[in-house]
Structure formats: structure tokens, C-alpha cells
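Being a predicted model, the structure only gives us computed values, none of them experimental. Values below: all heavy atoms of this structure, side chains included; hydrogens, waters and symmetry mates excluded.
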Amino acid sequence: MSWVALRMLTGDRSKYLGLIFGVGFATLLMSQQVSIFAGIMRRTASQILDVRDADIWVMDDKVRYIDEVPGLPDTDLQRVRGVPGVAWAVRMYKGQIRARLPDGNFRTVILFGLDDDTLVGAPTEMLAGRLADLNQPDAAIVDKAGYEYMWPEEVEQVGSRGYQLGKVFEMNDHRAVLVGVCKASAPFTTLPVLYTRYSQAGGYVPRERDLMTFVLARPDAGQDVQEVCDRIHAQTGRMALTRPQFFWKTILYFLGSTGIPVNFGITIALGFIIGVAIAGQTFYLFTVENLKQFGSLKAMGLSNARLVGMILLQAVVVGALGYSLGIGVTAIFFASTGHLTPLAGLHLYAEVMIGSGAAVLLIVVLASLLSIRRVLVLEPAVVFRG
Amino acid sequence: MQLASQQITDFAEAPEFTTHHSPLTTHPTPAVECRGVTKEFGAGDTRVWALRGVDLEVRPGQMTLLVGPSGCGKTTLISIIAGLLNPTAGDVAVLGRDLGSLSNGALVRFRQAHIGFVFQQLNLLPALTAAENAAVPLIIGGRPRRQAVAAAAQVLEAVGLGDRLGALPAQLSGGQQQRVAIARALVHEPRLLVCDEPTAALDARSGQTVMELLRRVAVQPDRAVMVVTHDNRVFGFGDRIVHMSDGRVERVTAPGPARVAGREEP
């Protein structure tokens, strides 16, 4: 009876397409919003993931997330280095300051001050210039989005002339020279990300007693990262987190302390509810309108189990087609907007595809349950009623 | 189930019923036997008695018409005989099988194998062609689709729709749709054919044609045909007419001369 079920489903084109578009729209809404949400959440901690050469982040023990970090005394660096199991430890500065451009405009930027000797935490992919150029006086490297944000008039000429290095700007009345453009994960606030040497960052940052915000470390080979973190904490009193721990600590802060998850959650829930409502109502009406047909099939000897199978097949087909449509449109959306700076780094996650699939399955199951119930309680004798 | 054979004999020998019209009426095993069948709907103050002790016998090779005013219990009785409703009391045997003794699953299989239906509203599947619609009972019975449609095409040829096999119901006239419904009811060669108001939606001429068709292709020596109708223009096509009133069989009659004329029509 499978082909009968499919022919019944496709026979009414408008309802058939309505069902598919309903599920497709719900899939689009859920998968797109969840992907953007996940991407934005990832952005809140993207700079942690970008530092690939250190496994341990040491910071003040009251730090809640990466953007709110007080300074540590320089002595903490030596204390961390003295902890057994630590292979090496270097200092890092991270903070937000203002950069003033020659034309008088200014931009708030995220500044990283990297250890002068090792440049631990430096970007891994340069689009222009060399990382080693950071050793030049007043040298700074900016990420691609930051370049476009600080010098928007240059954007259109990048394709023909490339990035224009040597641009001069000021931070805290100290001169800085652009020596390179790199790739970096977009931060949550979409501010330019600047890299310079730690010794130079001291001049750019308004004077504070303690400049060092993080100590980055790596354990000796064979040492358990978590054990070394525990040891650092025990011996220095500072918070020592593995990279994933700091990543999630930052994300959980944003999840718990901002309205972002609530807003996205509402949109995602609306997508689900709309999906259930559209698919459920249309599917239910489709079944109700075919009750006489189902009744006649029942009268002619079709068992309840096979009728349920027919309805589930219809639901699964609608779900699969609607899901494919929705996921396809979502994928096209991210593929076609990936080059836009504000949306850089946002993409359709595999986990979101799986989750959306599960949600769509739930939608069509819920939608078909009402229909199945109507068919199961349907007396075949209904076919003899006028 | 024990049906009193004496009662059956009495029923056949009722003064208003004669058995001289068809040699097939002497078939030894009744296709349908109802004894004391009652059916009530609702409870308490809202209780309605749809059937009040119906005794009835339907024989193979005959077309039996169930007639009477609206609400007299025709549809309820035919639903019970077709195994679509359970009686409140009484016994129903169809083709020698006590329906009350069958499990739900067995009853479904029994209906599928032995009973054909022509519904008043036809209930053709609008997305299926005439041949596919007519093939549905075979497909329900497990016949591969291609074979089922081929078999259905032969039956549609027999009812005069050989040139409309691929037409959708919406592309057919009311009379043609009725013939598709008849083909669907006959395609699996059931031994009991149940028709609910088959001429209700048709004009007089089409109604006559449908009844002639039923007589020609449906009535077989080993098949009983039951037709619920209140269309007195087609009474002549029946071998027996069961008159119902207020949930009871009021009387059973043989039709007049019109019946003979009807049977003699091609």
C-alpha cells in the first residue's frame, strides 16, 4: 500500500507542497538560527581557540570570561614556571583600547601583547606581511576584518593592490605601524584584533600597575594537563584552566549572563512550534479530508497497522523532503554570505543538521500522531453513513 | 452459533415471499443468516434502538434489496452483515462463518477476502486512476501492484470502461465512477457484495444502467448481492425485497414484472 499512500499524499498538490514548505520553513528557521547562535557563542571564545600553541591559561582566580581580566603581577610568571610539570610559560596581554587613525577617526580594538621572544599566541595564517615583522619597532598586525573596519576606503582595492602595509596609527599616543594582515577568528564584538609584542603593548595600554593578564603554559610531555593545572592553582592561587575549560567557561558566562540564548531560544522554539503547527494542522486536515477514503480502505480489509504505516510513510516523506529543502536553503544562505565580514565564520554545523533532523522527525511524528489517532478510532462503518 | 433451521424455513415460506424467480435460490447454504440481531446506540435517555431483533436470510445467486424509510436500520443492518459493526445481541453468519466468533484481525481478513463493497459516496481515491482504484482490494490482499492493476483492467473492460483505465475519478462521469466502484467491489471475486444506495447520486437512466450492470456482472451462482436502496425505480431488479421499518424486517417480497424486465435487459 506504500504507493497508494504516496499517491494520496501527492494527489493534492497544494496541500503536499504546503506540508513540505511548512516543514522546510521550520527546518530553515531552526537550523539557521541555531547555527548563527552557535557561531556567535563560539565567537565569544574564539580568541581562546586561536591560541593553539599553549594548553594552559593562567589568570586571576575571579575571572569569569576572557573579556574581563585583571592584571597579574609579573612575579606570577616565574611562579608558574616553577611549578613541576610546566614545560614553559610565557606572558600575554589582552585588552581593549582605542586606536586613533591619521584622519582623526578612532576605533576600539582588541590588543594582544605577545611574549617578545616566542610570540606564543600569534596568528597562524598571514594574508600579508610576515609574523617576524612584529619584531620591528612599533609593529602591529591586524586581522582581515579589522583592516576593513579601520580602513574601509581600502577594501575595494584589496583585490587589485593587496593589503597596504606601513599604515601608521596611534594607541595611547604611541605610534604603531601596520606590518601585516592575518586571519583570525571573528570576535564576539567584531572589533579589530591587533597583535604586537608584549614589551610594546606596555606603551599602548594606559598605565596600570599590572599589565600581564594571562600566563600561557604548556605541560611537559607526558604530563596530564589537568593535573598540571591543579598544581598551578595549588602553588600560585591563580586559576589555571585547560583551553577547552576556558572556552566553555567563557561561553557559559555569555549563556548565563546575557539575553542572547533567550532571544535565540525564542526564535528556535518559534521555528519548532511553527513547524508543528503548519505541518500538524495541514497533515491533520489532509487526514480528516481523506477519512472516508481511509474508512473505505479499512472496510475493504486494510488493517490498522497498515493504515498507520501509510500515514507514517506520508509523514516521513514530507519530513524528509521538507528537511532537505530547509537544510539546503540554510546551506545556501551560509555559503552565499560567508564572504561577508559580519557573518564570517558562521556556518552550518553538522551537529545542527543532526539536531534539526531530529526536531523535524519529532514534528512529523507529532503531526501524524493526531492523524493516526483519528484513523485508529475511525469505524469502518462510517463509509455507509451519508 | 446455532441458527434455527426451522425459522429459516419459515422465513423462506413467508406468504409474501416466493422463490420461483430464480433456480439459484435453491442453493443449500445461505450466504447470510441473521438471528435476533439487535443494535443499540448510546445509553440511558439517549439510547436508540437501531435494530430490534432482525431475522434474515440471504441466499447466493440472488440480489436482495434492503428497502425502507430513512432511519429504519438498513445501513446498520448492512454494516453488521459486512462485519463493520458488532451487534448488541443476536447472531450473524456470513458464508457459514459466525462473525461473532472471529477476532478483529480475522474479521478484517474475512472482509478482505470475501466481501465486496459499493459505497454510496463511492470513496474512490482521487489520486488513483480507474484501474488503480479498482485494483485496491487486490493490493490490500497482497497482490503485486502490476498484476493487480492488470486484473482490475479486465474487470473494468467487463463493466464497459476499458477505454478509461487511466482516467482519474475527476475525469469520469458519475455513472462511470459508479462502474469503477463496482469493478473495485468485484475485482477480488467476493462471495458477498454489499451495495449502499448505488443509484442515489445518479439520474434515472444511469441508475437503471448501474442496476443492470450489477445484475449482469455481480449476481453469480456462488455470490450474494445485497443492495440498500430507497429508490423504488430499481426495486424490480431484486430477487427479493426486504422491507424494513423501525429496526425490524416488516416483510419480504418478490418483485413485480419490472424485475423480470430488468433482468432481461443486457
message: As an exercise: rank B/Ile78, B/Ile115, B/Val136 by heavy-atom pairs under 4.5 Å with chain A and give me the winner.
response: B/Ile78
task: Counting only heavy atoms closer than 4.5 Å, note whether B/Leu124 contacts chain A via side chain, backbone, both or neither.
output: backbone
- request: Would you check if B/Gln121 and A/Ser296 make a side-chain contact, meaning some heavy-atom pair closer than 4.5 Å?
  value: no
Within 6.0 Å of CD in B/Glu40, more than 12 heavy atoms from elsewhere: yes
- prompt: Between A/Arg306 and B/Ile140, is a side-chain contact (heavy atoms from CB on, under 4.5 Å) present by the stated rule, with each step listed?
  reply: CA-CA 9 Å; A/Arg306 292 174 74 185; B/Ile140 291 175; 4.2 Å; yes
- request: Take B/Glu132 and A/Trp3 through the test side-chain contact (heavy atoms from CB on, under 4.5 Å) and record every step on the way to the result.
  value: CA-CA 10 Å; B/Glu132 289 167 342; A/Trp3 72 274; 3.6 Å; yes
message: Would you say CG of B/Asn104 has more than 12 non-hydrogen atoms from neighbouring residues, nucleotides or ligands within 6.0 angstrom?
response: no
message: Is there a side-chain contact (heavy atoms from CB on, under 4.5 Å) between B/Arg184 and A/Met300? Walk through the geometry before answering.
response: CA-CA 10 Å; B/Arg184 181 180 65 182; A/Met300 286 188 279; 3.9 Å; yes
query: Got a donor-acceptor contact below 3.5 angstrom from the B/Arg109 side chain to the A/Ser303 backbone?
result: no
field: Flag if over 12 foreign heavy atoms under 6.0 Å of CZ, A/Phe25
entry: no
- prompt: CZ of B/Arg47: more than 12 outside heavy atoms within 6.0 angstrom?
  reply: yes
message: Nearest 0.5 Å, please: how far is CD in A/Gln293 from CG in B/Leu122?
response: 10.5 Å
- request: Answer with side chain, backbone, both or neither: which region of B/Thr129 has an atom nearer than 4.5 Å to a non-hydrogen atom of chain A?
  value: both
- request: Please report the shortest heavy-atom distance between A/Arg7 and B/Arg145, naming the atom on each side.
  value: NH1-NH2, 3.9 Å
task: Write down the atom of B/Gln112, the atom of A/Gly301, and the distance for their closest heavy-atom approach.
output: CB-CA, 3.7 Å
message: Could you check whether atom CH2 of A/Trp248 has more than 12 heavy atoms from other residues, nucleotides or ligands sitting under 6.0 Å from it?
response: no
message: Using heavy-atom distances under 4.5 Å, tell me whether A/Leu9 contacts chain B through its side chain, its backbone, both, or neither.
response: neither
- prompt: At their closest point, which heavy atom of A/Gly11 faces which heavy atom of B/Ala127, and how far apart are they?
  reply: CA-CB, 3.6 Å
- prompt: So which part of B/Leu125 gets closer than 4.5 Å to some heavy atom of chain A, the side chain, the backbone, both or neither?
  reply: both
